[in-house]
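Data block below; observations after.
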Amino acid sequence: MAAVLAILPKGLLRQAEAWRPEMQAAAWSAIGLLAITGAALRVEGAVSWCPVFGLDGPTLPMLVLLAFAGGIMSQGRRGMACVLAGLAFLALSPLVFGLLAGTALVLLAGKGRQGVWLPAAVVPACIPADSPLCPPLLCLMVLLLGWSVSAQKGPEATVPVGIGVFLLGRLLSETGVLHPMFQVLLILSGCCVALGGCVQALRVQQVHRIAAGLACAGFGALVVLLALALATTLEGMDQFRTAAQLGLGAPLLAMLALLWLCQPQKDAEGSSETTGFPPLICSVAGLAALSVALLLLSGLPPLGGFSVLWCLVSAGELATRAAPPIQALGTILVLVGAAGFMALGILGLVRLGYAAFRGGQGTSARLAGQSVRSGFFPLLPAVICLVAACVVSVLPGAWLALQDHLFVGVDARDFMWSKALSVWFTDTPVSFTPLYSVAALMVCMGGVIALGRVCKFYPFPRLQAARQRWQEGAPLIKVDKAVEAEPTEQEAAVWTMLLVFLGLQNQTPSDWAIVDKTAAGGRYVQAILFRSVAWCEAQGLVLILLFLAAGLLFGLLVGQ
């Protein structure tokens, strides 16, 4: 039903056309409720050959997260890509998974080089996990999906993240411990994706691109956590696994709300995106929702990011305690790099918040008379995701019990009311309760307010209303500002003499013959490339089948 609602053209539903978003939300809500019920009742499928796909434990939590993503997406390619990703999670064959997931990635790619390269990201689904080709292809998959996440402009960025996490977790679970060289390559791939996302979040100017960079950085961090939890022989693997499960909870839901709030403005028909400021964060309610999303994504206690950081630190302590010196040094370097990525991510969050608050104040007056995305209902999807993220961050034990079978071969966590409020591990008595941090922060905030009331002391100066000069009773005197002469820089005489000596005075690089010939050759190569890309975009499904066939052929040859 969700697929039918996503691909039906406008006007076909007639009087029910106005209720299409509500029907889509109802369909995805039913999918999420069925997934939660299945996880609570331990609904599992039969375990077959590697890799294992089908309606089993790891599929159910991913369907819950995908239901949130599909519920807030509109119709068209994005909604259909979300539906295909959900069907891929339920596929009984790796070939069917690759076909559906590859088609979803092609729908999200749009035009350009991504439409050519993204189908190759699903090749590892068709190769046995014990094949020597599987780890290098996993590294290629991580890089391609990270590229796809960083290029999205809305909530659809979570679809490649879900596909990559699901496929990588399942294959690593079936593979077992990788060779140290492959471990290093996989961790370096995740670090490259995380670093690229952080750099994008710190360099670009558009708000939606900053949010996409943060989503890319989060995907790279999840890849590193999965590699440490499933592909290494380090101690504290359960702690790394718990950190990955918590990273898929509150931070991912908060990122989904952030991507929804920061998506670019569209025209009246909704077909093309403009360069305008995101209108959803130009109101007080939108800025408040954005603030909650930024807090949930930050590393400050007691929020979701701090729980992931606490699990990472606990896992690093156990891993370095019982590891050889070289392995312990490598683990420390990886953890220091992860902490650096988190710091860069927090700087990106601060930059996004500053850009949103500065742009929202200037754009709210311009959008005051427009009816585009006005009111509370456009913010409802983000509010639902933020409420779910707050529930997951306050009740992490319930989320861990829901995700007990995300990875194959690990004992399940039974749901217990006594541990619903805490992050706990299966092999150690160590636990962390975020609610205690909430209470501590409330006490500190109350103490600061009480101190300010009693002692009339505040850490920040009070804002005073600006008054016009004529209100002060003083005469208005206009003072002309002196015009300062602009400094001029003289050209270096040595550089001029060198140009005269070489015979290049009063010439530009475009006047050189070699530059002209190189430009002509580049234009010829560019025309051939554009024709090749246009053909590949037109034959997207054919490329998927070719990639999958090549993956199956390589897997059979290596297996022999």
Side-chain angles (χ1 to χ4, degrees), residues 139 142-143 145-147 149-150 157 161 164-165 168 180 183-204 209-229 231-232 234 236-237 239-248 250-252 254-255 258 293-321 323 325-355 432:
C139 298
V142 170
L143 296 176
L145 290 180
W147 181 28
V149 173
S150 63
V161 172
V165 169
L168 182 62
Q183 296 175 14
V184 174
L185 288 178
L186 190 58
I187 292 175
L188 286 179
S189 301
C191 291
C192 289
V193 172
L195 181 60
C198 292
V199 170
Q200 177 177 337
L202 294 177
R203 292 188 61 181
V204 297
R209 294 200 62 196
I210 297 177
L214 294 173
C216 181
F219 172 64
L222 286 175
V223 169
V224 175
L225 289 177
L226 287 175
L228 292 175
T232 61
L234 296 173
M237 295 178 63
Q239 283 79 358
F240 285 119
R241 181 175 72 94
T242 305
Q245 290 178 334
L246 291 175
L248 285 171
L252 190 60
M255 181 59 67
L258 184 69
L294 295 178
L295 288 176
L296 286 170
L297 287 170
S298 66
L300 303 176
L303 308 170
F306 183 77
S307 300
V308 178
L309 178 62
W310 178 81
C311 292
L312 191 63
V313 172
S314 301
E317 180 183 2
L318 292 177
T320 55
R321 184 184 302 172
I326 297 179
Q327 195 174 15
L329 179 60
T331 305
I332 292 174
L333 292 178
V334 172
L335 294 179
V336 170
F341 294 148
M342 294 187 70
L344 291 177
I346 292 177
L347 292 178
L349 292 174
V350 173
R351 188 167 181 265
L352 189 146
Y354 176 73
F432 167 71

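All residue numbers refer to positions in the sequence shown, counting from 1.
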Looking only at heavy atoms, which two atoms of [X] and [Y] are closest? And how far apart?
{"X": "Gly146", "Y": "Phe219", "answer": "N-CE2, 3.8 Å"}
{"X": "Leu145", "Y": "Gly164", "answer": "CD1-CA, 3.4 Å"}
{"X": "Cys311", "Y": "Leu246", "answer": "SG-CD1, 3.6 Å"}
{"X": "Ser150", "Y": "Ala212", "answer": "O-CB, 3.6 Å"}
{"X": "Leu214", "Y": "Gly345", "answer": "CD2-O, 3.7 Å"}
{"X": "Cys191", "Y": "Phe341", "answer": "O-CZ, 3.6 Å"}

Q: Answer yes or no: is there a donor N or O on one side and an acceptor on the other, between the side chain of Gln239 and the main chain of Gly316, under 3.5 Å?
A: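 No; judged by distance alone, with no hydrogens or angles, the pair does not exist.
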
Q. Checking Gln200 side chain against Arg209 main chain: does a donor-acceptor pair fall under 3.5 Å?
A.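 Answer holds: yes.
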
Rounded to the nearest 0.5 Å, what separates atom [atom1] in [X] from atom [atom2] in [Y]?
{"X": "Leu222", "Y": "Leu168", "atom1": "CG", "atom2": "CG", "value": "10.0 Å"}
{"X": "Thr320", "Y": "Gln327", "atom1": "OG1", "atom2": "CD", "value": "10.5 Å"}
{"X": "Leu225", "Y": "Ile187", "atom1": "CG", "atom2": "CD1", "value": "10.0 Å"}
{"X": "Leu294", "Y": "Ile346", "atom1": "CG", "atom2": "CD1", "value": "11.5 Å"}
{"X": "Thr331", "Y": "Leu318", "atom1": "OG1", "atom2": "CG", "value": "11.5 Å"}
{"X": "Arg203", "Y": "Cys198", "atom1": "CZ", "atom2": "SG", "value": "13.5 Å"}

**Q.** Listed partners of Trp147 passing ring pair (Phe, Tyr, Trp, His ring centres under 6.0 Å), at least two apart
**A.** none

Q. Do Val193 and Val149 come close enough that some side-chain heavy atom pair is under 4.5 Å?
A. no

Q. Under a 4.5 Å cut-off applied to non-hydrogen side-chain atoms, are Phe240 and Leu226 in contact?
A. no

